[in-house]
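First the structure, in the form of C-alpha cells, and then the observations on it.
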Amino acid sequence: MNNRTFRDFSLSDPIVRALDALGYTHPTEVQNKVIPRALDKSDLAVRAQTGSGKTAAFGIPVCEMADWAENKPQALILTPTRELAEQVKEEIANIGRLKRIRATAVYGQQSFARQQAELKQKSHVVVGTPGRVLDHIERQTLPLERVKYLVIDEADEMLNLGFIGQVEAILHALPEDRVTMLFSATLPRDVEDLCDRYMKKPIHIQVEADESLSGRTDHHFFVVGQDEKFDLLQDVTVVENPDSCMIFCQTQERVETLYTKLESLRYPCGKIHGGMEQTDRLNVMNRFRRGEFRYLVATDVAARGIDIENITLVINYDLPANAERYVHRTGRTGRAGKSGKAITFVTPSEQTLIEEMERSTELEISKAEFPPRDEVMRKKAAFEEKIRAQPMPKAHKSDPLNRGIMKLYFHGGKKKKIRAVDFVGTIAKIDGVEADDIGIINILDHVSYVDILNGKGPLVLQAMKNATIKGKVLKVQEAQKGE
Ligand code: AMP
C-alpha cells in the first residue's frame with residue numbers, strides 16, 4: 001500500500017463513501033494498477049492472488065461505470081465456484097450500496113426460475129459460474145446487449161475445472177465493444193491463449209500478494225503415516241489451539257469421516273464439500289465466517305478465493321494435488337495483516353512432492369517434529385476450555401456500511417402494478433427524506449423490499465404506515481434479517 005487514497009481516482013462520491021465505511025482507505029497495489037486503467041477502458045490481464053484486494057480492483061470500476069438508470073446488465077463477472085460468485089456479489093453490493101447498484105448471482109443447483117425473476121429486475125452486475133450463465137444466455141433470460149465489462153475471475157481455476165468451452169461460448173455471445181479483464185493467480189499457456197484470442201491488446205499487470213493485506217504465514221510439514229494422521233491432528237490442534245481453523249482433505253468421503261470423528265470428540269466444527277446442497281454450503285460458510293464454530297473440514301471447493309477473516313491455522317490433512325492448490329488452501333490464513341500458520345501432513349512417500357511444491361511456490365515450507373508429549377499435556381486444559389467456550393461472534397466488515405440502512409417490507413408488488421418509481425415518488429415526499437435516502441428497491445410478485453439509507457428508516461417506516469402508493473395503503477414493516 002502507499003499514500004494514495006481512493007479520492008485520488010476519479011470516483012464518484014457514493015463509491016468513495018462506501019469504501020470509507022468498509023474501512024478501505026488506501027488502495028492496494030493491484031487496485032492502484034487496475035482501477036485507473038479499467039476506468040480508461042483498457043483490457044487487462046492481471047496476475048494476482050486472492051488476498052491482494054483483486055475483487056475490489058475490478059468491483060470499484062464496475063460499480064463506478066454502471067449507469068443506475070439502465071435496467072439491463074452492464075457487467076458480467078465469471079467465477080469458477082458458486083461460493084466465490086456469492087462472495088464477489090457481496091463485495092460488489094457493498095461497494096455499490098450507496099449508489100444503489102444491484103448485483104445478482106447465478107449458479108447451478110439453485111432455482112433457475114428464481115434467478116430468472118431476479119434478472120428481470122434491474123440488475124446492473126451479474127456474477128455467475130460459466131455453466132449457469134450460459135444456460136441463461138441460451139434461454140434468453142440474461143440480456144447481454146448492454147454488457148460493457150466482462151471479468152473472468154480465477155481464470156486458471158476456471159480452465160482447470162474444464163469450463164473453457166463454456167467460457168468461450170459466453171465470450172462469443174457478448175458484444176465486441178466491451179472491456180475484458182482477466183484475473184488469475186498463475187498464467188499457464190491456456191490462460192494466455194484466452195487473452196490472445198479474446199482481448200484487445202491487453203495490458204499485463206502482475207502484483208505480488210500485498211503483504212499488508214495478506215499478512216504472513218509460516219509453513220510447516222510433518223511426515224506422518226496415514227494411520228497416525230488423526231492422532232497427530234489432535235495433538236496439533238491442542239498445541240496450536242486455534243481460534244479459527246480450516247482442515248483440508250482430498251475427497252468428500254474423507255471430509256465426512258474426519259468431520260464425524262472430530263464431532264464425536266466435541267470439536268466445534270462444520271464441513272463443506274461439493275456433494276452438499278448449495279444452500280447448506282452457503283449456510284456453513286456464513287456460520288463459519290460469523291465465528292459460530294472454530295473448525296471447518298473441507299475439500300478444495302472451499303479453497304479458492306474464499307475470503308474469511310482471521311483464520312489462524314490451515315491444516316492440510318491430505319497433501320493437496322498440486323502446488324497451485326497448496327497456495328490457494330494456505331492462502332486462507334495469514335490475511336489482512338494477521339499472521340497465520342499452515343501445516344501439511346505428508347506421508348513418507350509424499351515427501352518428494354512437498355519438496356517440489358516448496359520449490360515451485362517459492363515458499364519456505366520447513367519440516368517439523370511432532371509436538372512433544374509433555375507440551376501436549378501442558379496445553380490440554382487451555383484447549384479444552386476453548387473448544388467448550390461459546391465463540392465470540394465476529395464482526396463483519398460491512399457492518400458499518402449497513403448500520404444506517406433499514407430494509408422495509410411492503411405487502412404489495414408487481415401484481416398490484418407497483419413499480420419502483422411509485423415508491424420513490426411517495427417516499428421522497430416525506431418531510432426530511434430525499435431521493436438519495438432510498439436504496440435498492442426489489443419488487444416481487446406480491447411483496448416489495450425497499451432499503452432506506454442514512455438512518456432515515458424509522459422515519460420512513462412511521463410515515464408509510466398512513467401513506468398511499470398508487471392510491472393504496474400497503475402494510476409495511478421492517479424486513480427480517482436475511483430477507
Ligand atoms: P480479495 O483479494 O479480493 O479476496 O480481498 C482480500 C481482502 O482484502 C478482503 O477481505 C477485502 O475486503 C480486503 N480489502 C480489499 N481492498 C482493501 C483495501 N483497499 N483496504 C483494506 N482492505 C481491503
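Just follow the structure's listing: the first ligand is 1, and inside any ligand the first atom is 1.
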Q) Should you measure from each heavy atom of H26, which atoms of ligand 1 turn up under 4.0 Å away? A) 18 (C), 19 (N), 20 (N)
Q.
Are F383 and E385 packed together at the side-chain level, in the sense that at least one heavy-atom pair is separated by less than 4.5 angstrom?
A. no
Q.
Please list, in number order, the atoms of ligand 1 under 4.0 Å from a heavy atom of F6.
A. 19 (N)
Q.
Using a plain distance cutoff, I'd like to know if T25 has any nitrogen or oxygen under 3.5 Å from a nitrogen or oxygen of ligand 1.
A. no
Q | Pair E263, Y267: side-chain N/O donor-acceptor within cut-off below 3.5 Å | A | no
Q.
So if I apply the side chain to side chain donor-acceptor pair (under 3.5 Å) rule between T141 and each of H136, Q116, Q115, which one comes out positive?
A. H136
Q) Looking at ligand 1, does any of its N/O atoms fall within less than 3.5 Å of an N/O of T55? A) yes
(Q) Under a 3.5 Å distance rule, please check whether K99 uses its side chain to pair with a backbone N or O of E64 as donor and acceptor. (A) yes
**Q.** Partner set under salt bridge (Lys or Arg N to Asp or Glu O under 4.0 Å) for E168, not counting sequence neighbours
**A.** R197
Q: Pick out which of L296, L313, V314, L262 makes a side-chain contact (heavy atoms from CB on, under 4.5 Å) with I247.
A: L262
(Q) Under a 4.0 angstrom heavy-atom cut-off, which atoms of ligand 1 come close to G53? (A) 1 (P), 2 (O), 3 (O), 5 (O), 15 (C)
Q. Which bit of Q31 gets closer than 4.0 Å to ligand 1, counting heavy atoms only: side chain, backbone, both or neither?
A. side chain
(Q) If I apply the N/O under 3.5 Å rule, does P27 come out as touching ligand 1? (A) no
